[in-house]
Q: 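Starting off with a structure, shown below.
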Amino acid sequence: NERMRIASTGNVGIGTASPGYKLNVINNNTATWTARFTNNTNNVYLSVNDANNYGIYVLGETKNYFSGNVGIGTTNPNAKLHVNGSVHFGTDSAVVNPTSGQLLLETTAGNSTSLLMYTYGASIFQIQSQGTTAQIGWGSSQPRTVNFTNSGAGSIAVGIGTTSPSQKLDVAGIVKHQGLDMTAGV
């Protein structure tokens, strides 16, 4: 019972008598990985099943290298990482599920999520959420942030120069304006 074939073209076939590629592996058992590469410490598994679900799984190694562009949800990536769909970073509470084009940063209660943007030599722009509070601003030795506090029931306060705004708009410092239009009762 033949298990492997080396064709006259030099192609190697496992699970096929007519290999069309340098290494052509056919695995009709979709419940298992098709191939495993190992050095007895680190493992790389490759698979494809009948539903066109492809997989690469790396076990025991913290570094994974890809040359060129990597696509998730696309067969024609145009950047180092191109995701067609939603992206979810962090723990999965199953409470919020991002839809196409959304980015979800999620963590457990008591922790914070942050999105950082940095250009060498400049300060860091950061958007951070800590449950009922959020900050948007630039970090340096003196943080410059706009702080948002959600005390529930749609009551949101904005603080500039303060991390604990007590009014709808709470500014700690001098406010300059060209004109002020206030409605009655304020």
Q: Do you know which two heavy atoms are closest between Ile160 and Leu169, and how far apart they sit?
A: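 Heavy atoms of Ile160 and Leu169 come nearest at CD1-CD1, 4.4 Å.
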Q: For Thr133, what residues pass the side chain to side chain contact (heavy atoms under 4.5 Å, CB included) criterion, not counting sequence neighbours?
A: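 Thr133 satisfies side chain to side chain contact (heavy atoms under 4.5 Å, CB included) with Gln130, Gln135, Thr149 once adjacent residues are dropped.
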Q: Decide side-chain hydrogen bond (donor to acceptor under 3.5 Å, both in side chains) for Thr91 and Glu106; before the verdict, give the C-alpha distance in whole Å, the side-chain angles of both, and the deciding distance to 0.1 Å.
A: CA-CA 6 Å; Thr91 56; Glu106 183 176 17; 4.8 Å; no
Q: The criterion is side chain to side chain donor-acceptor pair (under 3.5 Å); which residues satisfy it with Asn84, sequence neighbours excluded?
A: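 Asn84 satisfies side chain to side chain donor-acceptor pair (under 3.5 Å) with no residue once adjacent residues are dropped.
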Q: Can you list the other members of the hydrophobic cluster that holds Ile26, where links are side-chain heavy atoms under 4.5 angstrom apart?
A: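 Its cluster partners, ordered by chain and number, are none at all.
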Q: List the residues meeting side chain to side chain contact (heavy atoms under 4.5 Å, CB included) with Tyr21, not counting sequence neighbours, and say none if there are none.
A: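 Partners of Tyr21 under the side chain to side chain contact (heavy atoms under 4.5 Å, CB included) test: Asn24.
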Q: According to side chain to side chain contact (heavy atoms under 4.5 Å, CB included), who are the partners of Ser8, at least two apart in sequence or on a separate chain?
A: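 For Ser8, no residue satisfies side chain to side chain contact (heavy atoms under 4.5 Å, CB included) once neighbours in sequence are set aside.
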Q: Return each pair, listed once, that meets side-chain hydrogen bond (donor to acceptor under 3.5 Å, both in side chains) where at least one residue sits in residues 96-105; pairs must be two or more places apart or across chains.
A: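 Residue pairs with at least one partner in residues 96-105: Thr99-Gln102.
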Q: I would like to know whether Phe125 and Leu115 meet side chain to side chain contact (heavy atoms under 4.5 Å, CB included); could you show each step before the answer?
A: CA-CA 8 Å; Phe125 180 74; Leu115 178 61; over 6 Å; no
Q: Check side chain to side chain donor-acceptor pair (under 3.5 Å) between Thr9 and all other residues, then give those that pass, not counting sequence neighbours.
A: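 By the side chain to side chain donor-acceptor pair (under 3.5 Å) rule, Thr9 matches Asn11.
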Q: Hydrophobic side-chain clustering at under 4.5 Å (ILVMFWY, transitive links): who's grouped with Ile14? Put none if nobody.
A: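 Hydrophobic cluster check, Ile14: joined to Met4, Ile6, Val12, Leu23, Val25.
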Q: Ignoring hydrogens, what is the shortest heavy-atom contact between Pro19 and Ala7? Give both atom names and the distance.
A: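 For Pro19 versus Ala7, the nearest heavy atoms are CG-CB, 4.1 Å.
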Q: Just jot down the side chain to side chain contact (heavy atoms under 4.5 Å, CB included) partners of Ala79, sequence neighbours excluded, or say none.
A: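 With sequence neighbours excluded, Ala79 shows a side chain to side chain contact (heavy atoms under 4.5 Å, CB included) to no residue whatsoever.
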Q: List the atom pairs, with distances to 0.1 Å, where a side-chain N or O of residues 68-76 and a protein N or O form a donor-acceptor pair under 3.5 Å, not counting sequence neighbours.
A:
from, atom 1, to, atom 2, distance (Å)
Asn69, OD1, Lys80, N, 3.4
Asn69, ND2, Pro77, O, 3.3
Thr74, OG1, Asn76, N, 3.2

Q: Can you tell me which residue pairs pass the salt bridge (charged side-chain N to carboxylate O under 4.0 Å, His left out) test with a partner in residues 118-131, sequence neighbours excluded?
A: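 Matches after skipping sequence neighbours: none remain.
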Q: Mind checking side chain to side chain donor-acceptor pair (under 3.5 Å) for Ser18 and listing every partner two or more places apart, or none if nothing turns up?
A: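 None.
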Q: Do Phe89 and Thr113 come close enough that some side-chain heavy atom pair is under 4.5 Å?
A: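 Not in contact.
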Q: Supply the atom-to-atom distance Asn111 CG to Ser129 OG, rounded to the nearest 0.5 angstrom.
A: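 The distance works out to 11.5 Å.
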Q: Does a donor on one side chain and an acceptor on the other come within less than 3.5 Å for Gln126 and Ser114?
A: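 On atom types as modelled, these side chains qualify, holding a pair under 3.5 Å.
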